Amino acid sequence: MPPKRKNDAIIQAEDVGMEVDATLDSGSEDEARRRSKNRRAKAQRKKKQVSDDEDDEEDEDEAPRKRGRRKRTKPQDSDQDDEEDKRRVRQKGAKASRRKAANEERDEESEEDQGKRKKGGRAASKQEKEDQNKEKKGNVKGKDETNKGSEKDKKKKNGKQSSSPVSSSEDESDEESMSEGEIAALKEQVEEKKKLIATLRNKPWRMQRRLVLLKEAQEFVEKFEGALGKGRGKKLYAFKVMMTKKLIKFNRDFENFKTACIPWERKIKEVESHFGSSVASYFIFLRWMYGLNLILFGFMFGLVVLPEVLMGLPYGSIPRKTVPRSEQDTAMDFSVLFDFGGYCKYSILFYGYYNNERTIGVLKFRLPLSYLLTGVGIFGYSLMVVIRTMARNANEGGDGGDEGEFTFSWKMFTSWDYLIGNPETADNKYASITTSFKESIVDEKENQKDENIHLRRFLRILANIMILCCLGGSGYLIYFVVKRSQDFAKMDPASLTWFQKNEVEFVMSLLGLVCPPLFETIAELEDYHPRIALKWQLGRIFALFLGNLYTFLFALFDEVNAKLETEQELKNATEWAIHEYNANYSSYYNTTDVPPLVVNPADAVRGPCWETAVGIEFVKLIVSDMQVTFLTILIGDFGRAITVRFLNYCWCWDLEAGIPSYAEFDISGNVLGLIFNQGMIWMGAFYAPGLVGLNVLRLLTSMYFQCWAVMACNVPHERVFKASRSNNFYMGLLLLVLFLSLLPVVYTIMTLPPSFDCGPFSGQDRMYDVVMETITQDLPAFMGTIFTYATNPGLIMPAVLLMVLAIYYLNTVSKGYQQANLDLKKKMKMARDEEKNRRNNKDSTNQVMKDLEDLLPNKSLIPPPTEEELPHDIIIEKGSRSTKMKPGSAGKGVNLQKEVSLAAPNPRRPVAHPPRARGGPPGHLRGPLPGPGRGRGRGAPPRT
Amino acid sequence: MGNKQTIFTDEQLDAYQDCTFFTRKEILRLHGRYHELAPHLVPMDYTNEPDCKVPLALIVNMPELKENPFRNRIVESFSEDGMGNLSFNEFVDMFSVLSEMAPRELKAIYAFKIYDFNVDNYLCKEDLEKTLNKLTKEELTPEEVELVCEKTIEEADLDGDHKLSFADFENMISRAPDFLSTFHIRI
């Protein structure tokens with residue numbers, strides 16, 4: 001009977017309280033197993049019990065309740081197990097008396113039970129047991145006895161799978177006789193059970209046990225929930241319970257539905273198993289981005305585009321919705337459309353198309369207001385989502401503050417990526433783990449090696465200068481190109497070449513393509529550790545992209561200002577012309593009733609509409625970027641892979657393993673590209689509402705295309721890029737980009753006057769005037785007053801002050817927490833060091849002692865005369881020290897002992913005497929005689 | 001849907017959803033995978049909880065586990081008999097713990113079990129050596145292995161008993177940045 005023996009072992013080791021638990025635990029496990037009607041082999045049972053015992057030690061929070069429950073399961077366990085129990089009693093003849101007594105008591109009961117079962121029918125025995133249980137309650141420590149009784153009933157039912165009428169009727173009587181306190185206790189218990197159900201999945205138990213517990217808890221809750229509410233509240237309570245149940249069910253269905261909606265799970269899994277979690281993290285990020293863009297698109301489409309299409313004026317009704325006569329011939333040409341000219345320019349995609357009518361359609365939809373609020377709301381929503389995701393990620397990842405503390409442990413236990421399911425990746429992973437271990441070993445062996453620090457410093461400075469030159473050069477190049485493109489724009493479009501028209505996008509994409517590898521090459525000079533090098537690299541690429549973007553923006557602002565000037569001139573000219581027309585008309589026909597000037601919308605004079613121009617720039621940028629990305633993948637990855645694959649048959653060296661090889665997936669570059677594109681989307685979305693939709697398409701194609709490309713033509717990383725917590729790093733970059741793209745948009749909204757003849761804000765002085773207008777005209781008057789008060793500087797200043805104060809306060813508080821955290825860490829470290837020191841000291845004292853001991857006989861062996869003096873000296877010295885140390889800790893006692901044992905071999909008793917006379921412990925002196933004394937001193941560790 | 005329903009009753013599915021981190025669909029898929037492993041052993045109908053187990057040799061050949069150096073240990077830690085025979089309950093349990101949704105604490109417990117090769121509830125040097133050799137395919141020299149194991153124990157051992165108890169292990173793993181991202185299997 002291996003299980004029983006195991007129990008005995010535990011029981012003997014522990015005291016009575018634990019003893020009962022342990023047996024009972026095994027009992028309830030037995031019961032569980034019986035219920036699942038699987039009688040398993042004895043060996044298996046033993047295993048399981050071992051593990052269950054472990055489990056029990058682990059979940060201490062559950063312990064008290066479980067203890068109680070186990071106790072309650074006792075009777076029927078024992079009657080079911082009675083034969084085994086008897087055997088057990090026989091086996092453990094020589095056991096502690098307390099244990100025996102407890103067992104005997106139980107055995108008696110079980111024997112009784114057995115007898116009853118044999119005698120009477122099932123129900124009768126049940127009744128009997130009921131009584132017994134009632135009696136037994138005295139033994140069971142607990143507060144709410146009735147509860148326990150009823151629960152016991154339930155247990156029994158569970159155990160026997162029978163619902164005898166007797167017990168159920170008893171339950172009812174129990175319930176009726178419950179007092180207020182009991183109800184409260186029962187309620188508490190029900191709540192506890194519910195909590196158990198909710199957290200069951202987090203418990204480290206076997207599934208079988210979990211299922212059993214779940215069933216029990218559910219039955220318990222079901223049974224007693226109804227009994228809780230009494231009188232008045234009963235119906236309400238029952239209703240509440242029912243609603244909660246419905247809600248749970250609905251939540252679960254919704255959860256199921258939600259997970260079913262997450263796309264590309266299989267695709268990502270495939271990539272993951274081939275390339276490990278780092279490459280997959282890019283695709284997960286891409287998917288996340290897609291979700292975000294889908295929502296942004298929903299806002300944009302639902303609140304701006306769709307109303308305009310459904311309820312706004314149709315195409316061709318007003319000048320801003322019509323292609324001008326001069327452009328009409330070429331408006332459908334592909335080359336024009338591809339540059340987003342022609343029909344594209346005067347379409348729903350861009351700002352200029354939207355009308356400035358205050359309300360449109362039967363719904364009186366305020367489109368201009370909606371346009372502005374959506375444009376700003378997109379930023380608000382994105383900010384919220386990014387920050388929320390960041391916070392969640394920060395909670396998830398370990399604090400990882402002290403990087404150096406667990407280098408080896410982390411490598412040992414977390415370096416294997418459990419997602420890997422591809423032999424090649426696995427081999428690479430093995431190799432990279434081995435290398436990383438070797439590196440760490442080398443690092444450990446020689447922590448600081450610096451050969452020629454001056455040379456390296458010089459090289460690093462040189463590299464940084466070169467990179468700064470690159471950055472500056474690329475910035476200037478973009479500025480130059482944008483300036484030039486403005487000159488080109490003034491010229492006749494027909495005389496320009498394709499290159500001249502697309503110079504800006506071309507140069508920007510080219511820079512993005514060329515500079516990162518260039519930086520990488522320059523970074524070779526610096527000879528940083530790869531992880532640091534990666535950070536530098538990312539920072540530099542980020543700086544490059546950012547610099548380019550902002551140069552582009554500044555150049556664009558110049559262009560916008562130029563456009564604004566021409567627009568002003570045009571406006572004046574038009575107004576003057578209209579004025580002239582009016583004057584002429586009235587003087588010619590001699591009437592003041594001037595009919596309005598009727599002009600075909602295609603022929604109307606129109607301004608340059610800088611907003612649409614900006615929108616077009618952004619859309620072109622995105623499209624060209626997409627082209628470049630796809631072409632790079634197609635040529636750089638796919639072309640390379642095909643060449644390597646097929647040219648390998650007829651080439652002089654091994655292409656696959658040698659120089660060109662297959663491409664690796666560039667995670668950091670791709671992620672950064674994604675982030676910057678998103679920045680451009682955010683910036684451009686206000687001026688080109690269609691951009692978000694375009695971006696959704698782009699991400700969708702990119703998902704499929706890149707998934708295919710990575711599976712088809714990339715190989716797993718040789719040095720697996722450790723993307724530790726990079727997720728939040730990328731999120732941080734995204735937040736920065738979001739903020740940076742927020743600035744120009746808000747600046748234009750607040751300061752630049754909108755075009756007078758296009759877009760939803762035409763005719764306004766500033767774009768935000770729409771909001772003011774709505775407040776003054778459409779909202780009740782008091783709202784307007786409130787708003788005036790709210791925008792009063794007298795109120796805003798204190799509010800800002802208050803916010804600053806709040807920030808200051810929170811900052812201080814967080815600093816305080818940080819300090820506390822640090823202190824705790826320090827304390828932990830100290831405790832740990834102390835532990836270590838104690839251990840080490842043990843060793844070191846041992847070592848010293850050993851050395852001393854070794855010293856002694858050696859010297860004593862070689863020259864006889866010194867033999868007399870040396871021990872003498874040592875002893876006197878030691879002796880005096882030992883007297884000084886004597887009142888010290890136990891460790892010093894060891895010293896004494898050692899010294900005594902050292903002293904012992906000395907033949908001259910009188911010399912050894914002084915220490916004893918001065919108070920050395922006599923027992924130690926007497927105890928170890930020369931031979932064995934020394935042996936013991938050497939062998940045994942010091943007693944502490 | 002019709003024939004799928006007969007694999008489990010609704011109560012069973014609900015119970016599984018309460019006890020694991022899976023949705024209904026995933027549990028059905030898991031059953032599919034489990035059935036696939038040994039079609040002649042595993043019945044399609046689980047409504048009356050048949051008692052059947054799939055041996056270790058079949059489970060470790062799943063593509064999700066095939067390349068894992070700790071595959072045998074994973075399966076053994078989740079099997080009730082310690083030999084690696086998994087019933088469907090244990091099979092679901094295994095992937096539930098290894099799923100993305102499982103909390104760090106739960107994962108840490110099972111990670112500890114997995115790395116505890118000799119099942120003594122301590123990670124002693126022997127365990128660490130085995131772990132390391134599996135991780136590196138025994139490419140490190142014995143001295144290097146010795147050094148790394150020494151260092152690991154030195155770093156993580158808080159109570160100074162020259163082996164890692166679960167408390168030591170949890171303390172160490174709770175701060176590891178990569179643990180959650182690497183200790184999961186997508187099924």
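These numbers were taken from a predicted model, which means no experiment stands behind them. All heavy atoms count here, side chains included; hydrogens, waters and symmetry mates do not.
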Relative to chain B, which segment of [X] carries a heavy atom at a distance below 4.5 Å: side chain, backbone, both, or neither?
X: A/F413; result: both
X: A/D427; result: side chain
X: A/L211; result: both

Using a 4.5 angstrom heavy-atom cutoff, name the option from [options] with the most pairs to chain A.
options: B/D93, B/D18, B/L106; result: B/D18
options: B/P63, B/P103, B/P69; result: B/P69
options: B/V148, B/I173, B/L140, B/N171; result: B/V148
options: B/M101, B/K137, B/E11; result: B/K137
options: B/I185, B/L65, B/T20; result: B/T20
options: B/C149, B/S79, B/A102; result: B/S79

Taking the six-membered ring of B/Y122 (Phe, Tyr or Trp), confirm whether the NZ or CZ of B/K163 is under 6.0 Å from its centre and within 45° of its axis.
yes
For residues B/T23 and B/E26, determine if any side-chain heavy atom of one lies less than 4.5 Å from a side-chain heavy atom of the other.
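Heavy-atom side-chain distance check passes, below 4.5 Å.
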Does any part of the side chain of B/D120, heavy atoms only, come nearer than 4.5 Å to the side chain of B/D127, both counted from C-beta?
yes
List for me each residue that meets ring pair (Phe, Tyr, Trp, His ring centres under 6.0 Å) alongside B/F88, sequence neighbours excluded, and say none if there are none.
B/F8, B/Y16, B/H31, B/Y34, B/Y46
Are the ring centres of B/F95 and B/F22 closer than 6.0 Å?
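No, the ring of B/F95 stays outside the 6.0 Å limit from the ring of B/F22, centre to centre.
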With only heavy atoms counted, which part of [X] is less than 4.5 Å from chain A, the side chain, the backbone, both or neither?
X: B/I74; value: side chain
X: B/F179; value: both
X: B/A15; value: both

Which residue pairs satisfy the side-chain hydrogen bond (donor to acceptor under 3.5 Å, both in side chains) criterion with at least one member in residues 64-77 of chain B, sequence neighbours excluded?
A/K269-B/E64, B/R33-B/E64, B/R73-B/E76
Could you check which of A/E255, A/R210, A/R252, A/E265 has the highest count of heavy-atom pairs closer than 4.5 Å to chain B?
A/R252
Relative to chain B, which of A/L214, A/I268, A/I433, A/L419 shows the most heavy atom pairs under 4.5 Å?
A/L419
Okay, side chain of A/D253, backbone of A/F250: is any donor-acceptor separation there less than 3.5 Å?
no
Would you check if the side chain of B/R24 reaches a backbone N or O of B/Q17 as a donor-acceptor pair within less than 3.5 Å?
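Such a contact is absent between B/R24 side chain and B/Q17 backbone.
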Looking at B/C52 and B/V42, what are the two nearest heavy atoms and their distance?
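In this case the closest contact between B/C52 and B/V42 is SG-CA, 4.1 Å.
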